[in-house]
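Residue numbering restarts at 1 for every chain, and letters A, B, ... go by the order of the sequence lines. Computed from a predicted model, the values in this text were never measured in an experiment. Values below: all heavy atoms of this structure, side chains included; hydrogens, waters and symmetry mates excluded.
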Protein chains: 2
Amino acid sequence: MLKGHLDAVLLATIGDEALHGYAIIEAIRARSGGHFDLPEGTIYPALHRLELAGLLASRWVQPDGGRKRRVYALTDSGRRSLVERRAGWRSFASGIDLVLGART
Amino acid sequence: MLKGHLDAVLLATIGDEALHGYAIIEAIRARSGGHFDLPEGTIYPALHRLELAGLLASRWVQPDGGRKRRVYALTDSGRRSLVERRAGWRSFASGIDLVLGART
DNA sequence: TTCAACGCCTAGTGTCGCTAGGTATAACTT
DNA sequence: AAGTTATACCTAGCGACACTAGGCGTTGAA
């Protein structure tokens, strides 16, 4: 469970790469050092929601081998949102750190 | 919103002090540097839940001046749970940090 | 040819904490 | 004396979030 930080994780993972859903799951697993292994039922609806909100744009791609993929990229709005959400996470995490006792 | 970390925050705030609900709200506000200002509707049900789970024990106290208060303290089980939840938070936060880009 | 991996999707559900309300006592103002 | 604010506790109901559990179809390997 990503506890309200799913959108930030998705936006940060896509970054400048333009990934498709399945690859996003793998990228999150890899980048998080195995901490997060999100089910498809989590990410697909989230991608749709972020696209509807104008933070992501998708297009269908037909690779040479393999089946069609829906590929997502950040919009300008998405990039701005990522900056905000990163700051929001830092603020949130520092608040929790203060209460739980700093990372000593 | 504490996004799934409310219990850890409550256990850590109570710590060794034995606080009552209203004081817990103020302590969280103070210790978090103003990040978190939790409504009563959040903490009272949570305290009841944690007591039911055996992590907290409460008793009613009549101070010299003022009205009766219900004071909560950690049980042994609560202390153990706090250790676990602190570790859980550190693990979670490091995972998010990795994905969002480390705190540089 | 059958099985796993790839790849997309959604309805329903459970968890969580907040909203919005209630009750009551004590202290401070006017 | 009366009204207001701060203290102090409580709960029903709701909305946000992401997970479960299912479905569909394609590609490559055993």
Can you find a side chain N or O atom of Tyr44(B) that sits less than 4.0 Å from OP1 or OP2 on dC10(D)?
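No, outside the criterion.
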
Hey, is the side chain of Arg70(A) poking within less than 4.0 Å of OP1 or OP2 on dC8(C), counting only N and O atoms?
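No.
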
Give me the ring orientation class for Phe36(A) and Phe92(B): parallel if the planes are under 30° apart, tilted from 30 to 60°, perpendicular past 60°.
perpendicular

With sequence neighbours excluded, what pairs up with Thr75(B) under the side-chain hydrogen bond (donor to acceptor under 3.5 Å, both in side chains) test?
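Per chain and number, Thr75(B) pairs via side-chain hydrogen bond (donor to acceptor under 3.5 Å, both in side chains) with no residue.
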
In chain order, what residues pass the side-chain hydrogen bond (donor to acceptor under 3.5 Å, both in side chains) check against Arg69(A), with sequence neighbours excluded?
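Listed in chain order: nothing, the list is empty.
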
Map Gln62(A) and Pro45(A) onto DNA chain D by nearest heavy atom, then report which one ends up closer to the 5' terminus.
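Checking each residue's closest nucleotide, the 5'-ward one belongs to Pro45(A).
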
Atom pair distance, as rounded to whole Å: [atom1] in [X] and [atom2] in [N]:
{"X": "Glu51(A)", "N": "dT10(C)", "atom1": "CD", "atom2": "P", "answer": "12 Å"}
{"X": "Leu47(A)", "N": "dA18(D)", "atom1": "CG", "atom2": "P", "answer": "12 Å"}
{"X": "Asp64(B)", "N": "dT7(D)", "atom1": "CG", "atom2": "C1'", "answer": "17 Å"}
{"X": "Arg59(A)", "N": "dG7(C)", "atom1": "CZ", "atom2": "P", "answer": "15 Å"}
{"X": "Leu38(A)", "N": "dA18(D)", "atom1": "CG", "atom2": "P", "answer": "9 Å"}
{"X": "Arg49(A)", "N": "dA11(C)", "atom1": "CZ", "atom2": "P", "answer": "15 Å"}
{"X": "Ile25(B)", "N": "dG17(C)", "atom1": "CD1", "atom2": "C1'", "answer": "13 Å"}
{"X": "Tyr72(B)", "N": "dA8(D)", "atom1": "OH", "atom2": "P", "answer": "14 Å"}

Which residue pairs pass the ring-ring contact (aromatic ring centres under 6.0 Å, His included) test when at least one of the two sits in residues 41-62 of chain A, sequence neighbours left out?
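Listed by first then second residue: nothing to list.
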
Looking at side-chain heavy atoms only, is the closest gap between Leu55(A) and Leu82(A) below 4.5 Å?
no

Side-chain donor-acceptor pairs under 3.5 Å in residues 14-29 of chain B, sequence neighbours left out?
{"unit_1": "Arg29(B)", "atom_1": "NH1", "unit_2": "Asp37(B)", "atom_2": "OD1", "d": "2.7"}

Does anything in residues 3-13 of chain B come within less than 4.0 Å of DNA chain C? Heavy atoms only, and list the residues if so.
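Close to the strand are Gly4(B), His5(B), Leu6(B).
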
Stretch residues 17-24 of chain A: residues that reach within less than 4.0 Å of DNA chain C through a heavy atom:
His20(A), Gly21(A), Tyr22(A)

Determine which pairs satisfy side chain to side chain donor-acceptor pair (under 3.5 Å) with at least one residue from residues 76-87 of chain B, sequence neighbours left out, and list them in order.
Asp76(B)-Arg79(B), Ser81(B)-Arg85(B)

Work out which heavy atom in Val99(A) is nearest to a heavy atom in Ser32(B); give both atom names and the distance.
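Result for this residue pair: CG2-CB, 3.7 Å.
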
Looking across every strand, which nucleic acid part, if any, lies under 4.0 Å from Ile43(A) by heavy atom: base, sugar-phosphate, or nothing?
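The answer is nothing, as Ile43(A) stays clear of every strand by at least 4.0 Å.
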
If you link I, L, V, M, F, W and Y whenever their side-chain heavy atoms are under 4.5 Å apart, who else ends up in the same group as Val83(B)?
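Noted: Val83(B) shares its cluster with no other residue.
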
Scan for salt bridge (Lys or Arg N to Asp or Glu O under 4.0 Å) pairs involving residues 41-50 of chain A, sequence neighbours excluded, and state none if there are none.
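Every pair satisfying salt bridge (Lys or Arg N to Asp or Glu O under 4.0 Å) with a residue in residues 41-50 of chain A: Asp7(A)-Arg49(A).
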
List in chain and number order the residues that pass ring pair (Phe, Tyr, Trp, His ring centres under 6.0 Å) with Tyr72(A), two or more places apart in sequence or in another chain; answer none if no residue qualifies.
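Residues passing ring pair (Phe, Tyr, Trp, His ring centres under 6.0 Å) with Tyr72(A): none at all.
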
With sequence neighbours excluded, what pairs up with His35(B) under the ring pair (Phe, Tyr, Trp, His ring centres under 6.0 Å) test?
none

Treating primed atoms plus P, OP1 and OP2 as sugar-phosphate and everything else as base, which nucleotides of nucleotides 20-26 of chain D get B, S or - for protein heavy atoms under 4.0 Å?
BB---BS

